[in-house]
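This report refers to the structure that appears directly beneath it.
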Amino acid sequence: MKRISVIAAAVVAVLATAGAHARSLDAIQKDGTLRLATEGYYAPFAYFEGKKLTGFEVDLAELMAQKMGLKFEWKTISFDALLTGLKQDRWDLVISSHGITPAREKAVTFTAPHYCSGAQVIATDPAIKAGKDLAGKTISAQTGTTYLEYVQKNVPGVKRVVNFPTNEAAMNALMTQRADAWVTERFLAKEMLEKNKKIQFNQGELLFVEKIAAAVSLGNQPLADAWNHAFAESLKDGSYAKISQKWFQEDIRCPE
Ligand code: ARG
């Protein structure tokens, strides 16, 4: 009986890893197309203008593919399903504003960071602008993000944390007073607030800063290296600066 369960466990382990093989850089080069994934509801980083996916990370990833001598293909899916999809070999690389965290580093291999940014407190009440103002308040944030995790773990005395599948829904919670504050990324907040001028929002302080990178399947270092090589080139030849200026009117690369 014991032996059977040992065998069964071994079979389960094999099945769990089978089919979950990330494509090697060689295989991708042979195929000629890099399969990219993003959320697509995260302006100005990656979002839809009509049917067209566009944004800073879209321009950047397409430039990287070009520099790597590859064509590309995009898939969009909810934010919290992106990294799991790498494990299932549904795409080769995820670029969706993921902050590099120790927990994520156990599950995926990150590329060099392509920008640095911060989490910000957004509220209608001007008295709510920093971490200390969140005590006793209801806070909204997007599911699966470092913003949600930060508020849950590092802000003392929060009354309730409500999470939503998209940032838009998290912002709506604030607009409809189901939340007192919304925690999100500062450039995304700026863009969303400009589009919703009806409500007077205040962009508060940065709660923390993070290094944002693309991710490949855990251990697929050759692919990360090829991307990093193309990325280093873009920092040197001015093409990164150009894309960053286009979307932010400033250079958002991480300080060295
Ligand atoms: N930077 C945050 C994180 O790493 C939020 C990323 C959200 N990205 C998105 N495409 N919705 O969790």
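Ligands are counted one by one from 1 in listed order, and the atoms in each one are counted from 1 as well.
- The protein non-hydrogen atom at the shortest distance from atom 8 (N) of ligand 1 is Ser96 O, 2.9 Å.
- Heavy-atom distances between Arg104 and ligand 1 reach below 4.0 Å in at least one pair.
- Aromatic pair Phe187/Phe56: centroids not less than 6.0 angstrom apart.
- Note on ring orientation: taking the six-membered ring where Trp is involved, the planes of Phe231 and His114 are perpendicular (angle over 60°, cut-offs 30° and 60°).
- Around CD of Glu168, the count of heavy atoms belonging to other residues, nucleotides or ligands within 6.0 Å does not exceed 12.
- Protein heavy atom nearest atom 6 (C) of ligand 1, with residue, atom name and distance: Ser97 O, 3.2 Å.
- When the shell of 6.0 Å around CZ of Arg160 is examined, it contains 12 or fewer heavy atoms from other residues, nucleotides or ligands.
- Screening Thr166, Thr184, Asn167 for a side-chain hydrogen bond (donor to acceptor under 3.5 Å, both in side chains) involving Gln142 leaves a single residue, Asn167.
- Distances shorter than 4.0 angstrom occur between a heavy atom of Gln142 and an atom of ligand 1.
- Contact annotation for Glu210 and ligand 1: only side-chain heavy atoms (C-beta onward) come within less than 4.0 Å of the ligand.
- The pair Asp125-Lys137 does not count as a salt bridge, with every side-chain nitrogen at least 4.0 angstrom from each carboxylate oxygen.
- Across Tyr42, Phe45, Tyr41, heavy-atom proximity to atom 9 (C) of ligand 1 is greatest for Tyr42.
- The ligand atoms of ligand 1 that sit less than 4.0 angstrom from a heavy atom of His98 are 4 (O).
- Only side-chain heavy atoms of Ile212 come within less than 4.0 Å of ligand 1; its backbone N, CA, C and O stay farther off.
- Heavy atoms of Tyr147 found under 4.0 angstrom from ligand 1 belong exclusively to the side chain.
- With respect to atom 2 (C) of ligand 1, the closest heavy atom belonging to the protein is Thr146 OG1, 3.3 Å.
- Listed here is the closest heavy atom pair of Leu93 and Ala214: CD2-CB, 3.9 Å.
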